[in-house]
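Beneath this line is the structure, given in structure tokens, with notes to follow.
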Amino acid sequence: MVPNPQLGFFGRDRGGSRAVNFAFNADQELLRESTRRYLADHHPLSALRPVLEAPEVFDRDAWRLAAGLGWTAMLVPPEHDGGSVTDQPLVDLVVLGEELGRVLHPGPFVPTNVVADAVSRWGSDAQRKAVLPPLARGEQVAAWCLTADGSVEPGSCEVRAERRGDALVLEGVARYVHGATVADLFLVLARMPDGLVHVLVPATADGVGVRLQQCLDLTRRFGVVTLERVEVDAADVLDHDAGAVLERAVEVATVLQAAEAVGAADFLFHATVAYLQDRVQFGRTIASFQAIKHRVADLLLTLEAMRAAAHYAALALNDRFDDRPAAVSTAGSYAGDGFAFLCGESLQLHGGVGFTWEHDVHLFVRRAKTSQALYGDPSWHRERLCALAEVDAAQRDA
Amino acid sequence: MDVTVPEIPARYDGYRAELRRFIVDHKPTLGWKQRSGLRVPEEEADVDALREWVRSLYDAGYRLAQFLLEEVDEHEQRILEQELGATGLPFVLGNPLVAGALKAFGTPEQQARHLPPMARGDHIWTQLFSEPNAGSDLASLQTRAELDGDVYVVHGQKVWSTWAQWADYGYLLARTEPVPGPKGITAFILDMHAAGVDVRPLREMTGTTDFNEVFLDGVRVPVSDVIGARGEGWKVANVSLMTERTNVGGGSTGDIAAALVGVARAHRRRGRPAIDDDSVRQAIGAFSARSRIQRALGYRVATKAAKGAADMWDAPVTKIWFSELNLEVAEFALALQGARGALVEGDPDAVDDGAWQDRFLYARAWTIAGGSNEIMRNLIAERGLGLPKERRGDIS
């Protein structure tokens with residue numbers, strides 16, 4: 001499918017008089033409302049305060065209760081206890097991601113959905129039956145072991161897999177694994193002599209070790225997963241082209257992370273504007289200074305652009321538009337940097353109070369800076385966009 | 001969510017084929033070199049050829065919805081805009097924003113008298129809003145219109161009027177009431193051929209002449225040429241200004257990234273093709289993202305408007321986004337060209353006969369016109385987010 005060019009003025013092709021519908025529908029708005037209410041009641045950011053420096057911030061019981069809102073069910077087919085709100089599950093998930101982002105929710109929303117999606121699409125019957133229902137119901141969580149340096153480059157994959165009879169033996173390490181310490185199941189990218197594979201590894205398998213990483217982000221936990229002669233069944237391998245599985249997983253993760261960034265940025269933006277209207281210096285609110293107003297305008301510009309990028313990426317990925325890779329990398333590059341910019345500006349505009357431990361703004365700064373490095377950092381996405389532009393240029397010349 | 005192009009049914013293939021034949025038979029050849037932006041022909045012969053072109057389209061039944069009161073077939077309209085757009089020639093002459101004002105506020109007589117000739121290229125329009133001392137602060141405009149029997153007598157000076165040198169009518173804002181600010185302003189239809197109208201073309205930094213100064217010295221305008229009610233010109237104008245800002249925001253940045261790849265391939269940096277330079281690749285990737293976001297912002301703004309849920313900041317946000325992107329792309333393209341980037345149209349070694357250099361210079365029209373980007377930021381903060389307004393000074 002091809003998106004409407006929406007050129008206007010010079011190009012003038014607006015797709016006829018039919019208005020484009022680039023908005024969530026009523027059911028999705030209902031999902032947003034109920035999720036926001038639920039999170040305000042059960043998972044306000046203030047509830048994380050006591051556990052910011054604790055080894056664990058994730059509450060498994062709370063996660064199971066919340067799963068009823070569909071947090072991890074959208075990409076799972078109904079026969080395995082999944083189900084989405086609309087026929088555009090990735091767009092549904094953007095609504096959830098934004099709401100979870102607003103409260104800097106610690107849960108492994110991104111990796112669990114990535115793993116559920118991969119198994120739904122490419123898992124064997126047995127894998128689907130075993131893995132999907134507990135993930136969709138929130139009874140289990142999954143983590144994604146990608147590389148040793150946190151990048152999405154296959155060359156950085158440091159888990160080796162060898163065949164031994166019917167079994168597969170895994171050896172190596174993956175780092176920066178969100179939810180590693182609480183995951184029941186890992187989706188592990190591994191290198192075979194003849195190429196890459198994705199393997200499902202239970203956290204309880206012999207030889208699996210997890211070390212909690214001390215991380216800038218205080219509202220999530222990451223870990224190092226080591227695999228020492230971990231023996232799994234050949235039936236635990238995802239039987240599909242590993243490059244395609246990896247690309248899809250990176251794209252889903254990118255879109256969901258961008259959605260979290262939009263939600264968090266939206267919350268922080270409005271909190272910042274409220275603060276500026278409240279704070280009085282020189283006998284006037286600091287919001288009345290034009291130097292401040294123009295910075296606020298730039299933050300709104302950033303936020304609106306992040307939102308447009310994230311929503312379009314979700315739509316393009318869900319509906320498999322021709323420009324899907326570029327749309328996803330647009331969100332990956334812009335939302336990542338935009339979120340970090342907005343958080344930094346917010347801190348600066350708060351002045352001294354923003355520098356204190358008690359104020360929440362540093363939690364957003366920490367989240368943004370961490371997210372920037374995950375699932376393809378902005379520079380990785382920009383390089384991808386440039387490579388795609390080279391393809392476009394070659395097609396134009398041909 | 002759905003932003004896909006509606007399929008044009010096969011039964012319209014005949015309409016398209018016929019239109020293409022018509023275009024081949026009637027498309028004029030111009031002496032004017034067309035450049036990017038809202039540019040205006042410099043020779044009367046070209047204006048005449050364009051009038052003839054638009055007239056032939058209209059008479060053959062190829063009419064644009066923006067000038068029509070009746071409903072049109074959406075598929076035909078879309079084909080029309082696609083095919084006419086592909087010619088690269090203007091098919092709307094003058095500044096058409098008054099059409100929206102006439103549709104919303106004009107009397108049936110005004111609509112009947114002005115919309116069809118505007119559509120047919122018989123009447124070219126210009127906009128008479130900005131003044132030398134009323135740019136960003138448009139509501140402080142000083143051009144006066146004083147009632148004298150059944151005519152208003154207009155005195156004042158306007159500036160930045162595109163197409164005024166060729167215009168038949170002007171869409172005028174003037175002060176009819178002795179009160180400052182927006183409340184005293186009325187919108188008029190002004191006959192550009194009337195006595196007392198003096199148009200002086202301005203040569204801009206681009207070296208071309210796209211804007212004009214217009215001096216109004218005792219121009220008599222019948223009361224029947226007021227658009228909307230007396231004193232309500234600000235309301236009328238805001239309809240057009242919002243359209244203008246959205247249009248600036250909707251301006252196509254084209255396939256920016258692919259075009260920049262072309263420039264980067266043709267030039268070298270530190271002995272290698274520039275496209276192999278990582279900093280160049282990062283910049284092209286970033287421009288690609290920003291141009292894609294521009295399109296997505298367009299979807300968002302169009303959807304909100306259609307649902308009646310527009311935010312006040314929608315038009316300013318898209319206007320700033322487009323105009324700053326457009327400027328930075330041109331700056332980057334010049335940098336990619338190295339010393340060759342200093343060559344302009346006419347030099348045999350200039351890249352694309354200086355198109356990037358012209359775009360670089362003209363880009364400031366977009367960051368300033370339609371309300372400068374600084375005013376847009378004030379609007380976003382004050383009217384959009386409710387932050388305190390800047391206090392007016394007392395220098396008159």
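Small disclaimer: the values here were computed from a predicted structure and weren't measured. Because only heavy atoms are used, hydrogens play no part in the values below, and waters and symmetry mates are left out as well, while side chains stay in. A note on names: the letters A, B, ... follow the listed sequences, proteins ahead of strands, and every chain is numbered from 1.
Most heavy-atom pairs under 4.5 Å with chain B, from the set Arg307(A), Gln88(A), Lys293(A): that is Lys293(A). Of all the listed residues (Ile293(B), Asp73(B), Ile380(B)), the one sharing the greatest number of non-hydrogen pairs under 4.5 Å with chain A is Ile293(B). Interface summary for chain B: among Leu300(A), Val91(A), Val296(A), the most heavy-atom pairs under 4.5 angstrom belong to Leu300(A). Between chain B and the options Arg384(A), Gln290(A), Arg284(A), the largest number of non-hydrogen pairs under 4.5 Å is found for Gln290(A). Chain A forms more heavy-atom pairs under 4.5 Å with one residue of Ala283(B), Ala286(B), Ala296(B) than with any other, namely Ala296(B). Counting heavy-atom pairs under 4.5 Å between each of Gln282(B), Arg391(B), Glu374(B) and chain A puts Gln282(B) at the top.
Only the side chain of Asp397(A) comes within less than 4.5 Å of a heavy atom of chain B; its backbone N, CA, C and O stay farther away. Of the atoms belonging to Gln277(A), it is side-chain heavy atoms, and not backbone ones, that fall under 4.5 Å from chain B. Of the two parts of Ala387(A), the backbone and the side chain both hold a non-hydrogen atom closer than 4.5 Å to a non-hydrogen atom of chain B. For His311(A), the parts lying under 4.5 angstrom from a heavy atom of chain B are both the backbone and the side chain.
Between Asp358(B) and Arg39(B) there is a salt bridge, since at least one side-chain N of the basic residue sits less than 4.0 Å from a carboxylate O of the acidic one. Using a 4.0 Å cut-off between charged side-chain N and carboxylate O, Arg36(A) and Glu33(A) make no salt bridge. Ion pairing of Arg392(B) with Asp137(B) is present here, as a side-chain N (NZ or NE/NH1/NH2) and a carboxylate O approach within less than 4.0 Å.
Using the six-membered ring where Trp is involved, Phe282(A) and Phe289(A) have ring planes that are perpendicular, over 60° apart on the 30 and 60° scheme. Tyr312(A) and Phe22(A) have tilted rings, their planes meeting at an angle from 30° to 60° on a 0 to 90° scale.
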